[in-house]
4 protein chains.
Amino acid sequence: MSEPAVGQERREQILEGAEAVFSEKGYAAARVDEIAEHAGVAKGTIYLYFSSKQDLFISLLEERCCSIGALFQEQLQGLRSPRVILRSLIETRIRFLLRHITLFQVVVQSMADFPDELQQRLLVVRRSVQAVETDVFSRILPPDYPVDTGFVASMVSGAVSTVVMERVHDGQFVDVEAMTDQVMAFLIHGVPAGSEDCQAGTNVLF
Amino acid sequence: MSEPAVGQERREQILEGAEAVFSEKGYAAARVDEIAEHAGVAKGTIYLYFSSKQDLFISLLEERCCSIGALFQEQLQGLRSPRVILRSLIETRIRFLLRHITLFQVVVQSMADFPDELQQRLLVVRRSVQAVETDVFSRILPPDYPVDTGFVASMVSGAVSTVVMERVHDGQFVDVEAMTDQVMAFLIHGVPAGSEDCQAGTNVLF
Amino acid sequence: MSEPAVGQERREQILEGAEAVFSEKGYAAARVDEIAEHAGVAKGTIYLYFSSKQDLFISLLEERCCSIGALFQEQLQGLRSPRVILRSLIETRIRFLLRHITLFQVVVQSMADFPDELQQRLLVVRRSVQAVETDVFSRILPPDYPVDTGFVASMVSGAVSTVVMERVHDGQFVDVEAMTDQVMAFLIHGVPAGSEDCQAGTNVLF
Amino acid sequence: MSEPAVGQERREQILEGAEAVFSEKGYAAARVDEIAEHAGVAKGTIYLYFSSKQDLFISLLEERCCSIGALFQEQLQGLRSPRVILRSLIETRIRFLLRHITLFQVVVQSMADFPDELQQRLLVVRRSVQAVETDVFSRILPPDYPVDTGFVASMVSGAVSTVVMERVHDGQFVDVEAMTDQVMAFLIHGVPAGSEDCQAGTNVLF
DNA sequence: GATGAATGAGCCTTCATTCAT
DNA sequence: AATGAATGAAGGCTCATTCAT
């Protein structure tokens, strides 16, 4: 009883190669050859576990999105204070992005050529990614908050993703704690921008 | 001296075709054939004005980033109130994204296969895009604002991009005014998240 | 006004390469590379004129079947005597087979994987091939002939094809006149096989 | 002394799978996977009994040609009347073709890529197939019959094959008795085509 | 300058064959 | 003996790029 779920291991091995390459190159520019090399398997082996490059891609997204859902569940378990919850959300997401960066960007791109069946699976992935954070914000935001919860979730998610990606892309080291602090400060303070009727010349409000 | 700047016109024609196709498909999935068709020129003609598909792509980014810079300059001209400036920035960016969506996403992706020279040009583009908004925020944010200005600019830009892209991608109509309102409300209010030491049960801070 | 119908020429060039290779190898074993080489064009060029290997194959059949129809029309024009007509039919078919041998065999094979649209085109080809000869036999056979006309046409066609193919396949030189004579003799004499009620023991009848 | 000839059984099992698949798809389009599945063995097992797909194919032909030889021997045993012999030959062949259709067609195709050794074995198969029927016709045809015996055998074989294949391919049910009747009628009557010098108007000879 | 037919390198995918179990 | 996961060479097809007109 030596190797449990050998098939699953091989599958995961391929998914990791796929993640590395798709993340670096995007879908279209990624070559199956390269994925196979990263995964340490032969090209043909990939097709034993996935029916096509498209299927591999969607499967990867599905896999990784489940994992972010689980991560959130785990991290947010037992937290009460909105601020702590928010901080945990941000930090978890940053850490997650550091692993899966570009992959998540790609999700939004229009995979227009994919057949309907795969488009459906892609839609499910996108919805589930949104759902996790929307859920968190619906617990945090006050009932009279003037912006739609899903909208807030999207903006926060976009803000964090962009910042992380820029840092990573520039080859900068990312200090998760410090970055979380900055994002939190931004989210909590908002952007002080003066009253609408302020007279010209006044630059600062708060 | 018959047709002045005929070359420039032809060049712009091609850039427009390129923008349409790159925006819809991303870099790798875009085909030169299709760009030529969109532009209404023969495929070979493109190579009279650009040395390669890569060059065409970078050139397009350069061109369009200048244009967003110009747009901002124009729009923000003479505005004084931070709130009005911010609103104008948001609205301009939303309108811009509605035209150039995917194109901007692509900017962040690492065009890893591009030769060094083009990588340099890409870097310049990215820096200039950041600079425009960073500049705006440096005028808006109070001196003691606890978050780095460039960081804020990135987050706002990411937030707006993500929200616009999601709406567009879902095929929803985008009401620029309404969306601007929502983004502004979010930016100004921030995310009320309670004090760090707040006892459980307290939801709102501000 | 030098090159009339250059496109048609190139197309025909490719069809000739295709015929050579499909005839020699059959459909599945034929490689597009090889067809291109035979035709003296690059692989990609083939796809400017035909949408796929399957399309190329069906198009070839269509092309060549029209040509056998035309050949028959031309050859049989003005012939009156049934024997002369029959002889002409046989000879024409032999000559035709010497050029298109295996190709015609393949027509009957079940191209089961082809999409419906191409199956339709294949069916049309097969029907048209049968029609030509069925038509000839309906003019030759007496009204009270005990065998269905289409059936006779098929058998004669099968008999001739098989004989030609065997000779060609064995690398024997084919003397068209002599072979036509033999086939004619066979068709006219039939196979003398004795009366049905002959008593056992009688080996020869005539 | 457990299982006598287990190896032979397994071998026959594989040959049956091979026959089913080669018959339906032809040589090149047949996949070893599918043969294994039809045979109910693992893919690797096939290579314990046959050294390659090519070997399996040739072996199958050899096997089945022996079987048609045996069939003929058995069927024709004790028959005396040429007509009865001929009828039996036709009927046996039709029944055989209904089982092995495409397989036989394929024999004629030039397996050009096969190595010399296998080409030799293929040649032997083809010769033996011809020999069986040539032998029968040499017993049936009168000594002064004007057509070469092997030639007649080929033509009859081609005629029957073609007719059977067309019916099968069109999905029509094949009534063996009725078809045998038609073929016999054709063979015995021949094609009445008038004398060579016949005056127009005379249609029938016999 | 403009064209678009032609090219061929390179990609996704298949499948005969091997080999560790 | 039997398995079937793994392999990798080879095939169909695409598409950036060139060049004769």
Side-chain angles (χ1 to χ4, degrees), chain A residues 2-3 6-7 9-11 13-14 28-36 39-56, chain B residues 3 6-7 10 14 28-37 40-57, chain C residues 2-3 6-7 9-11 13-14 28-37 39-56, chain D residues 3 6-7 10-11 14 28-37 40-57:
Chain A
S2 42
E3 312 126 17
V6 146
E9 277 172 24
R10 192 58 44 109
R11 192 186 141 94
Q13 199 177 339
I14 294 170
R31 289 180 291 112
V32 173
D33 277 18
E34 210 176 343
I35 292 175
V41 301
K43 209 182 343 179
T45 305
I46 290 179
Y47 290 87
L48 296 177
Y49 295 89
F50 303 93
S51 63
S52 67
K53 186 189 175 188
Q54 293 182 343
D55 177 40
L56 171 57
Chain B
E3 303 135 18
V6 143
R10 191 60 45 109
I14 294 169
R31 289 180 295 112
V32 174
D33 275 13
E34 211 175 343
I35 292 175
E37 194 181 3
V41 302
K43 209 181 348 178
T45 306
I46 291 179
Y47 289 84
L48 296 177
Y49 293 90
F50 303 92
S51 65
S52 68
K53 184 188 175 190
Q54 294 181 343
D55 177 41
L56 170 57
F57 180 65
Chain C
S2 44
E3 313 126 15
V6 146
E9 277 172 23
R10 190 59 44 108
R11 191 185 141 95
Q13 199 178 339
I14 294 169
R31 289 181 291 111
V32 174
D33 277 17
E34 210 175 344
I35 292 174
E37 195 179 3
V41 301
K43 205 183 346 178
T45 305
I46 290 179
Y47 290 88
L48 296 177
Y49 293 90
F50 303 93
S51 64
S52 67
K53 185 188 175 190
Q54 293 182 342
D55 178 41
L56 171 57
Chain D
E3 302 134 18
V6 143
R10 191 60 44 107
R11 191 185 142 93
I14 294 169
R31 289 180 296 111
V32 174
D33 274 14
E34 210 174 345
I35 292 175
E37 194 180 4
V41 302
K43 210 183 344 178
T45 306
I46 290 178
Y47 289 85
L48 296 177
Y49 293 89
F50 303 92
S51 65
S52 68
K53 184 189 175 188
Q54 293 181 342
D55 176 42
L56 170 57
F57 181 66

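Quick caveat: nothing in here was measured; it's all calculated off a predicted structure. Lettering of chains follows the sequences in order, A, B, ..., and the numbering in each one begins at 1.
Residue C:A29 is out of contact with every strand shown, counting any heavy-atom pair closer than 4.0 Å. No contact: B:A28 has no heavy atom under 4.0 Å from any strand. Residue A:F50 is classed as having no contact, given no heavy-atom separation below 4.0 Å to the nucleic acid. Using a 4.0 Å heavy-atom distance criterion, B:K53 is classed as a sugar-phosphate-only contact. Heavy atoms of A:A36 sit nowhere under 4.0 angstrom from any nucleic acid atom.
Atom P of nucleotide E:dG1 and atom OH of B:Y47 are separated by 17 Å, given to the nearest angstrom. Taking atom CG of residue A:D33 and atom P of nucleotide E:dC12, one finds them 7 Å apart after rounding to whole Å. Protein atom CD of D:E37 is 15 Å distant from nucleotide atom C1' of F:dT3, rounded to whole Å. Remark: P of F:dT17 and CD1 of B:I14 are 14 Å apart, rounded to the nearest angstrom. Rounded to an integer number of Å, the gap from B:R10 CZ to E:dA2 C1' is 8 Å. Atom CD in C:Q54 sits about 14 Å away from atom C1' in F:dG11, given to the nearest Å.
In secondary-structure terms, DNA chain E builds stems of at least 3 consecutive Watson-Crick or G-U pairs, each pair having both distances under 3.5 Å, at E:2-21 with F:2-21.
Counting distance only, with no hydrogens placed and no angle test, the side-chain atoms of A:K43 and the base atoms of F:dT7 include no donor-acceptor pair under 3.5 Å.
When distances run from any side-chain atom of B:Y49 to the nucleotides F:dA9, E:dA6, E:dG1, the shortest one goes to E:dG1.
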